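Here is the structure we will look at.
Just so you know, these numbers come straight off a predicted model, no measurement behind them.
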Amino acid sequence: MTLVIAGHNLIRDPWDNAWKRDNTKSANNAPLICDGLFVVADSAITSSQGHTLLGGFQKVYGMSAKLWAPYFVAGTFKSYASIHQEAECFIAFAGSTLTVQHILNAVTEHLGQLRISHRHTAFDIGEYYVAMPCSTDNLLLNSEVPITWDEDMFRPDDLKSIFTSDRIADAIHHSINAALSSARQYKLDKESLDSMRTDVVAGIRCPVSGSFRLFVFRLAHRLNDQGVIEVFAERHAVADREVAVLGMRAEFEADAQKTFIAALGGEVQPAQRMFDFLNACIDKVTEDGRKEIDRPSFWKHLGNQGLKNVGRQKR
């Protein structure tokens, strides 16, 4: 089992002191800004019976989404030769380590090879967009692209708004479902579904707006027309006053949300409060004689300078 908590680190706006001059306003009513995303996690790997197998296991991974630009010679497309834009992200998980390894490989491969492409839309109006490396829509694999392109195509001004956090989340969602699609060839039962269950949370700094976005991908399943169970991920955007909880949700999600809301506008930043909350949860589980989660615990922050290690608490 696992406990991962992620959210927006909402702090008082240091440039807005109006709330200090108004005695009718409390600190909780102070203007709040987001200075990044936090993610806190335990590090225990346990068996299905709740026995700890490993400690110090990394459950948060930093990665970079890379958007590659097309390279032309005399108007003819040749390859994707240079990185046009990059975005810092993190992926955290709770569930099967085998499943998440498959997911991480797919996400890393897709995020590292996103490509600028162009397509015609309704009324023959063209648009630039971000193509997956596995999609035949990208210029490298699309046999229907023009032999030559006009010189006024693929200009920087045309491309400045296409690499958004939503598009990066699309790539992550696609990658997770691509990794899970291999399970369709096998007849899965309830035990198999439980053993492979893995939930993922992704934090992204949007290259276009500079805003911080958080997305949760939770595994679900359905019976297709052939009577085969299909496993897939459902996507949910996490609001800035919500926290995403993975793993021991039934036991700790409600209290995690209450703790986060209570911390807003306080002297101590919400991320610190949630790290303290995580460690209190570990203590509670340990005091109960259980071993689902354990230290060392970790606190990481995705800000304007990338993903940083902020805190670590040993046993």
For this session: Measure the CZ-SG distance between Phe212 and Cys34 for me, rounded to the nearest 0.5 Å.
Result: 6.0 Å
Side-chain donor-acceptor pairs of residues 85-97 under 3.5 Å, sequence neighbours excluded:
| unit_1 | atom_1 | unit_2 | atom_2 | d |
| --- | --- | --- | --- | --- |
| Glu86 | OE1 | Ser64 | OG | 2.8 |
| Ser96 | OG | Leu98 | N | 3.3 |
| Ser96 | OG | Thr99 | N | 3.1 |
| Ser96 | OG | Thr99 | OG1 | 3.2 |

Problem set entry | Any side-chain heavy-atom pair of Val39 and Val4 under 4.5 Å | yes
Exercise. Phe163 and Val208: which non-hydrogen atoms are nearest, and at how many Å?
Worked result: O-CG2, 3.3 Å
For this session: Output the distance between atom CG (Asp150) and atom CZ (Arg155), rounded to the nearest 0.5 Å.
Result: 10.5 Å
Problem set entry | Whether over 12 other heavy atoms sit under 6.0 Å from Arg273 CZ | no
Problem set entry | Residue pairs involving residues 269-312 (criterion ring pair (Phe, Tyr, Trp, His ring centres under 6.0 Å); sequence neighbours excluded) | Phe275-Trp299
Exercise. Can you check whether Arg119 reaches Glu127 side chain to side chain, under 4.5 Å on heavy atoms?
Worked result: yes
Exercise. What do the steps show when you test Phe217 against Asp199 for side-chain contact (heavy atoms from CB on, under 4.5 Å), and what is the final call?
Worked result: CA-CA 6 Å; Phe217 306 88; Asp199 290 342; over 6 Å; no
Exercise. Is the shortest side-chain N to carboxylate O distance from Arg12 to Asp35 below 4.0 Å?
Worked result: no
Exercise. Would you say Gln58 has more than 12 foreign heavy atoms packed within less than 6.0 Å of its CD?
Worked result: yes
For this session: Please report the C-alpha distance between Asp276 and Gln272 in whole Å, then the side-chain angles of each, then the deciding distance to 0.1 Å, and finally whether the side-chain contact (heavy atoms from CB on, under 4.5 Å) criterion is met.
Result: CA-CA 6 Å; Asp276 295 341; Gln272 176 68 66; 3.0 Å; yes
For this session: Indicate the atoms forming the closest heavy-atom contact of Phe154 with Pro70, along with that distance.
Result: CD2-CG, 3.7 Å
Exercise. Is the shortest heavy-atom distance from the side chain of Leu264 to the side chain of Pro270 under 4.5 Å?
Worked result: yes
Exercise. Taking C-beta and beyond as the side chain, do Leu219 and Leu180 meet within less than 4.5 Å on heavy atoms?
Worked result: yes
For this session: Mark yes or no for whether Ser82, through its side chain, and Tyr80, through its backbone, hold a donor-acceptor pair below 3.5 Å.
Result: no
For this session: Evaluate the criterion side-chain contact (heavy atoms from CB on, under 4.5 Å) for residue pair His221 and Glu230; output intermediate values, then yes/no.
Result: CA-CA 5 Å; His221 66 275; Glu230 293 183 345; over 6 Å; no
For this session: Using side chain to side chain donor-acceptor pair (under 3.5 Å) as the criterion, list what pairs up with Ser165, not counting sequence neighbours.
Result: Arg213
Exercise. What residue pairs, at least two apart or across chains, pass side-chain hydrogen bond (donor to acceptor under 3.5 Å, both in side chains) with a residue in residues 253-265?
Worked result: Arg249-Glu253
Seminar exercise, completed: CG of Asp294 to OG1 of Thr286, rounded to nearest 0.5 Å, is 5.5 Å
For this session: Report whether Trp68 and Ile172 are members of the same hydrophobic cluster (ILVMFWY, side-chain heavy atoms less than 4.5 Å apart, transitive linking).
Result: yes
For this session: Determine, for Asp283 against Arg295, whether the closest basic-nitrogen to carboxylate-oxygen distance falls under 4.0 angstrom.
Result: yes
For this session: Check whether any side-chain heavy atom of Met248 sits under 4.5 Å from a side-chain heavy atom of Thr2, and report yes or no.
Result: no
For this session: Measure from NZ or CZ of Arg222 to the centre of the six-membered ring of Phe232 and say whether it is under 6.0 Å with the direction within 45° of the ring axis.
Result: yes
For this session: Look at the side chain of His110 and the backbone N and O of Ala106, then say whether any donor-acceptor pair between them is shorter than 3.5 Å.
Result: yes
Exercise. Taking side chain as C-beta onward, heavy atoms only, is Lys308 less than 4.5 Å from Lys300?
Worked result: no
Problem set entry | Ser297 (side chain) donor-acceptor with Ala41 (main chain) under 3.5 angstrom | no
For this session: Specify the closest pair of heavy atoms between Leu159 and His84, including all atoms of both residues, with the distance to one decimal.
Result: CB-NE2, 3.9 Å
Exercise. Taking the six-membered ring of Tyr129, is the NZ or CZ of Arg167 close enough (under 6.0 Å from the centre) and on axis enough (within 45°)?
Worked result: no
For this session: Would you confirm whether Ser135, through its side chain, and Ala131, through its main-chain N or O, come within 3.5 Å as a donor-acceptor pair?
Result: no
Seminar exercise, completed: Heavy atoms of Lys78 and Val73 approach each other most closely as CG-CG2, 3.7 Å
For this session: Report yes if some heavy atom in the side chain of Arg241 is under 4.5 Å from a heavy atom in the side chain of Leu10; otherwise report no.
Result: yes
For this session: Might you work through the side-chain contact (heavy atoms from CB on, under 4.5 Å) test for Val201 and Leu214, ending with a clear yes or no?
Result: CA-CA 7 Å; Val201 60; Leu214 199 62; 3.8 Å; yes
For this session: Check whether any side-chain heavy atom of Lys284 lies under 4.5 Å from a side-chain heavy atom of Glu251, and answer yes or no.
Result: yes
Exercise. Is the closest basic N to carboxylate O distance between Arg290 and Asp288 below 4.0 Å?
Worked result: yes
Problem set entry | Common cluster, Val100/Val216, ILVMFWY with side-chain heavy-atom separation under 4.5 Å | no
Problem set entry | ILVMFWY cluster, Met274 and Ile293 together (side-chain gap under 4.5 Å) | yes
Seminar exercise, completed: Distance col, row Asp157:CG vs Asp152:CG, nearest 0.5 angstrom, shows 12.0 Å
Problem set entry | Nearest heavy-atom neighbours spanning Ala233 and Ile176 | CB-CG2, 3.7 Å
Problem set entry | Distance (rounded to the nearest 0.5 Å) between Phe252 CZ and Cys281 SG | 4.0 Å
Seminar exercise, completed: Output for pair (Arg205 CZ, Ile168 CD1), nearest 0.5 Å, gives 10.5 Å
For this session: Specify the closest pair of heavy atoms between Pro133 and Arg115, including all atoms of both residues, with the distance to one decimal.
Result: O-NH1, 3.6 Å
Exercise. With the 4.5 Å side-chain cut-off for hydrophobic clustering, are Ile162 and Ile204 part of the same group?
Worked result: yes
Exercise. Residues in salt bridge (charged side-chain N to carboxylate O under 4.0 Å, His left out) with Lys59, at least two apart?
Worked result: Asp42
For this session: Over 60° means perpendicular and under 30° means parallel, so classify the ring planes of Phe38 and Phe260, tilted if in between.
Result: tilted
Exercise. Any luck finding a side-chain donor-acceptor pair between Glu109 and Asn105 under 3.5 Å?
Worked result: no
Exercise. Which residues satisfy the side chain to side chain donor-acceptor pair (under 3.5 Å) test with Ser161, sequence neighbours excluded?
Worked result: none
For this session: Run through Val285, Val40, Leu246, Val245 and flag the one making a side-chain contact (heavy atoms from CB on, under 4.5 Å) with Leu3.
Result: Val245
Exercise. Under a 4.5 Å side-chain heavy-atom rule over Ile, Leu, Val, Met, Phe, Trp and Tyr, are Leu302 and Met63 clustered together?
Worked result: no
